[in-house]
Amino acid sequence: MDTMKTALLLSTLILVFACETNPSLVAVSQSVPVENPSTAAGKVIGLDPSFDQLLHSAAMIEKVATGFQFIEGPVWVPGAPSHLLFSDIPANTVYRWSARDGAEVFLSPVLSENAQTGATGGSNGLALDPAGNLILCEHGNRRIARMNANGTRTTIADRYQGRRLNSPNDIVYHASGAAFFTDPPYG
């Protein structure tokens, strides 16, 4: 499966976690092919014919982990072993999921307990920069940060026109290498 299809399928997979308390959302929210259809948690409904080119018509939804508070910001990390990273905002934790190991804590806490930012919650949106580094939209820290190889984080942006960011929410990288992110007034 090519990278775009893998990213689409696994990014939408995260919605099953978020929707576990509202099963009516699951049926139209995300999909992954499952090996055993008896474990399927729902069916995929495509509303745009171009979506059918990305996903097999027999794809089913499978819940692969539970127990999260409010999750967002999935990013698929290719390589060996490939895995999914996602944020549980109120838990102030980034989780790692793989088919081999299931869900486990990757980073906790995101926002240190003694942080004096005036904001709440850990990270939200996650992305990989063009060099493959993990980028975190940190609500509580009111910044965009890069995870370094040694586990420390470097601030990429925390101000715009001299003012602190509100609560960076989601981020995407353009093919040129430019990053675009949202900064809504909550957090």
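Keep in mind that what you see is a predicted model, and the values were worked out from it rather than measured.
Between R142 atom CZ and R164 atom CZ the span is 5.0 Å, to the nearest 0.5 Å. To the nearest 0.5 Å, atoms CG (N166) and NE2 (H139) are separated by 11.0 Å. With values rounded to the nearest 0.5 angstrom, S123 atom OG is found 10.0 Å from L111 atom CG.
Every residue meeting the side-chain hydrogen bond (donor to acceptor under 3.5 Å, both in side chains) condition with D129, not counting sequence neighbours, appears here in chain and number order: N133. Scanning for side-chain contact (heavy atoms from CB on, under 4.5 Å) contacts around V172 gives F180, with sequence neighbours left out. S98 pairs by the side-chain hydrogen bond (donor to acceptor under 3.5 Å, both in side chains) definition with nothing, not counting sequence neighbours. Take N148 and apply the side-chain contact (heavy atoms from CB on, under 4.5 Å) test, not counting sequence neighbours, and it matches R146, N150, T152, T154. Taking the side-chain contact (heavy atoms from CB on, under 4.5 Å) definition, one finds that A99 meets it with W97, sequence neighbours left out. Partners of T182 according to the side-chain hydrogen bond (donor to acceptor under 3.5 Å, both in side chains) rule, which considers only residues two or more places apart in sequence or in another chain, do not exist here. Residues forming a side-chain hydrogen bond (donor to acceptor under 3.5 Å, both in side chains) with D158 (at least two apart in sequence, or on another chain): none. Judged as a side-chain contact (heavy atoms from CB on, under 4.5 Å), and not counting sequence neighbours, the contacts of S50 are D48.
Residues R153 and R143 meet the side-chain proximity criterion, which asks for heavy atoms closer than 4.5 Å. Residues V77 and L84 have side chains not in contact (no heavy-atom distance under 4.5 Å, counting atoms from C-beta outward). With a 4.5 Å cut-off on side-chain heavy atoms, I89 and I71 do not count as touching.
A pairwise comparison of heavy atoms in C137 and P168 identifies CB-O, 3.5 Å as the closest pair. In plain terms, the two heavy atoms of V94 and S87 that are nearest each other are CG2-OG, 4.1 Å. Nearest heavy-atom pair across N92 and G122 is OD1-CA, 3.2 Å. Taking all atoms of both residues into account, the shortest heavy-atom contact from P78 to L128 is CD-CD1, 3.9 Å.
Annotation: salt bridge (charged side-chain N to carboxylate O under 4.0 Å, His left out) contacts involving residues 87-104, sequence neighbours excluded, comprise R96-E104.
T93 places a side-chain N or O within donor-acceptor distance of the main-chain N or O of A91, the cut-off being under 3.5 Å.
Under the 4.5 angstrom side-chain criterion for Ile, Leu, Val, Met, Phe, Trp and Tyr, the cluster partners of Y160 are I135, I144, I156, L165, I171, Y173, F181.
Taking the six-membered ring for Trp, F106 and Y95 have ring centres at least 6.0 Å apart.
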After noting the C-alpha distance and the side-chain angles of L107 and L136, does the key distance pass the side chain to side chain contact (heavy atoms under 4.5 Å, CB included) rule?
CA-CA 11 Å; L107 175 64; L136 301 96; 3.9 Å; yes

Checking D183 against N169 for the side chain to side chain contact (heavy atoms under 4.5 Å, CB included) test, could you report, in this order, the C-alpha distance in whole Å, the side-chain angles of both residues, the deciding distance, and whether it holds?
CA-CA 6 Å; D183 186 33; N169 192 57; over 6 Å; no

